[in-house]
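None of the values given here were measured: they were computed from a predicted structure. Numbering of ligands and ligand atoms starts at 1, following listing order.
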Amino acid sequence: METYTIQEWLFREAAGRYDVDLAESGVLRQTVGDVEIDPAWDLDYTLDHGSDELRDALHTAYDPSVDDDVLVSTGGQEALYLLYRSALSVGDHVVTQSPGWQQAWAVPREIGCDVTAVRVTPRECPGTAMASAVNARTRMVVLTSPHNPLGTRISAQGSAELHRRCQEVGALLVVDEEYMHDYRSSLVHLGPGVLVVSSLSKMHGMPGLRTGWAIGPRDVIAGMRNYKRFTTVCNSVLCERIAARAVLETPRHLARFDSLHGPGLELLEDWVATRAEQLTLVEPQGTPFAWIELASGDADVIAKTALVDHRVLVMPESVFAPPDAGPSRALRVTFARPLPVLRAGLGALTSVLDDVRG
Ligand SMILES: Cc1ncc(COP(=O)(O)O)c(C=O)c1O
């Protein structure tokens, strides 16, 4: 299996070497003190597809069609892995995006699929480009919206066009909605043949619960559920109980998200404006992070210098792209942080950018 570049950077190269984290893509994390835990909870297994309590909460939040089913997973990551492993076979064609979430091309390729990773840019709708990469052999199209790392969302017209094309060839449209706010506007409501994935990691700031889910066609979910029996059996009962409440209380968590997102974005925009000849901000559409393009310089060098000399962590473009994707010319910076933390991180980046400019 190829090296997972995002996680190699976060969990090995940078681990323990930073004080300011502008790299993890979720809102500032919550703590155990922010949730209620009952000492009487039974430390049993839960069900393989998730507890009734959590699945009911997700049903209420999304209101999916009767043809759809819900599977709880260990983060969005496990849901996607179970999906690729249970629904894809050697020779299937898969369409996805680059830069993007490496799992979407690496796991299908490992299975023996033929993968087209469509190059996406912040200024073009991915719908048309991805739809034109679909052919009669395409079994699955994997879209991320809101997009990581670009922070942009597919338009209603773009998603309808992509869904129509998938329906023409019988491909499953998978939407990784890891950064979705409003479950009622999830693309699972586009119609049949759509499967969405999300989790509590990013907008709720609870990645340590490792609780995610997939919602999609019953037969596809059934295949994933069976595969899960061979991997983790079921999620943690403790985490599921906390998660069920978090899903029901999503409006409160989103208010917390907004209170960090708004001021952070304003500070980031002001900072980029002072370096307009060097940096271009791609306006984020609701994500806790933003994509910042560099007029010159190597994003890998900038990220490494920020880490080694200033103990500040950001993500360079190269970790989101296959090795042959070309130069690393952008940084992903998470700004949904308390202002003093963000100020410290941007201050360090200012020094690094001054040095690069010479
Ligand atoms: C686009 C995308 N998909 C999936 C994941 C997996 O996250 P988790 O397993 O915590 O839900 C991430 C994490 O950063 C992500 O950015």
Side-chain angles (χ1 to χ4, degrees), residues 4-11 14 21-30 50 54 58 70-85 94 96-108 117 120 126 130 140-154 173-181 183 186-187 195-216 224 228 231-232 235-236 239-240 242-243 246-247 250 253 257 284-291 313-317 319-321 332-334 336:
Y4 209 121
T5 48
I6 296 173
Q7 296 178 20
E8 178 77 359
W9 172 241
L10 270 180
F11 297 140
D21 175 8
L22 304 184
E24 203 290 307
S25 57
V27 69
L28 179 73
R29 284 184 297 279
Q30 307 210 44
L54 177 52
L58 290 165
V70 177
L71 175 83
V72 174
S73 56
T74 303
Q77 191 79 345
E78 189 199 29
L80 291 162
Y81 188 79
L82 298 175
L83 171 70
Y84 302 143
R85 283 290 175 187
V94 174
T96 187
Q97 300 157 284
S98 159
W101 192 241
Q102 186 177 346
Q103 190 192 26
W105 59 82
V107 178
V120 289
M130 292 179 82
M140 193 181 281
V141 173
V142 187
L143 168 80
T144 301
S145 182
H147 190 264
N148 180 16
L150 303 180
T152 50
R153 279 167 191 260
I154 193 165
L173 174 58
V174 177
V175 192
D176 180 341
E177 296 184 335
E178 187 74 12
Y179 302 91
M180 163 65 66
H181 291 224
Y183 300 136
S186 161
L187 293 186
L195 182 142
V196 297
V197 168
S198 193
S199 85
L200 293 177
S201 298
K202 308 301 177 180
M203 313 313 287
H204 293 73
M206 297 174 159
L209 290 182
R210 304 304 305 123
T211 304
W213 53 85
I215 304 179
M224 295 165 68
K228 186 174 167 92
T231 54
T232 53
N235 275 47
S236 145
C239 295
E240 281 200 355
I242 299 168
V247 170
T250 290
H253 294 288
F257 173 84
Q285 296 178 292
T287 50
F289 55 80
W291 190 241
L313 186 61
V314 293
M315 302 295 267
E317 176 170 7
V319 299
F320 300 103
R332 192 193 73 189
V333 176
T334 304

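Using a 4.0 angstrom heavy-atom cutoff, H147 does not count as in contact with ligand 1. Using 4.0 Å as the threshold, S25 has a heavy atom nearer than that to some atom of ligand 1. Residue contacts with ligand 1 do not include E78, since none of its heavy atoms lies under 4.0 Å from the ligand.
Taking only nitrogen or oxygen atoms, main chain and side chain alike, G75 does not reach within less than 3.5 Å of ligand 1. Checking only distances, S201 does come within under 3.5 Å of ligand 1, N or O to N or O.
Atoms CZ and NZ, on F257 and K202 in that order, are 12.0 Å from each other to the nearest 0.5 Å. Between atom CD of residue Q102 and atom CD of residue E8 there is a gap of 10.0 Å, rounded to the nearest 0.5 Å.
At the top of the distance list for atom 14 (O) of ligand 1, counting protein heavy atoms only, stands K202 NZ, 2.9 Å. Considering only non-hydrogen protein atoms, atom 1 (C) of ligand 1 sits nearest to D176 OD2, 3.2 Å. Nearest protein neighbour of atom 7 (O) of ligand 1, counting heavy atoms only, is E178 OE2, 3.1 Å. For atom 4 (C) of ligand 1, the closest heavy atom belonging to the protein is W101 NE1, 3.4 Å.
For ligand 1, the atoms closer than 4.0 angstrom to any heavy atom of S199 are 11 (O). Heavy-atom proximity to R210, at under 4.0 Å, picks out these atoms of ligand 1: 8 (P), 9 (O), 10 (O).
In this pair, H204 and Y183 present their aromatic rings parallel. The plane angle is below 30°, not in the 30 to 60° band.
Among all heavy-atom pairs drawn from P99 and L150, the shortest one is CG-CD2, 4.3 Å. Minimum interatomic distance between V247 and T250 (heavy atoms only, all atoms of both residues): O-OG1, 2.7 Å. The minimum heavy-atom distance linking W105 with A321 is given by the pair CZ2-C, 3.9 Å. Taking both residues in full, the closest heavy atoms of V94 and A104 are given as CG1-O, 4.5 Å, listed atom of the first, atom of the second, then distance.
Looking at Y179 and S25, their side chains do bring a donor and an acceptor atom within 3.5 Å of each other.
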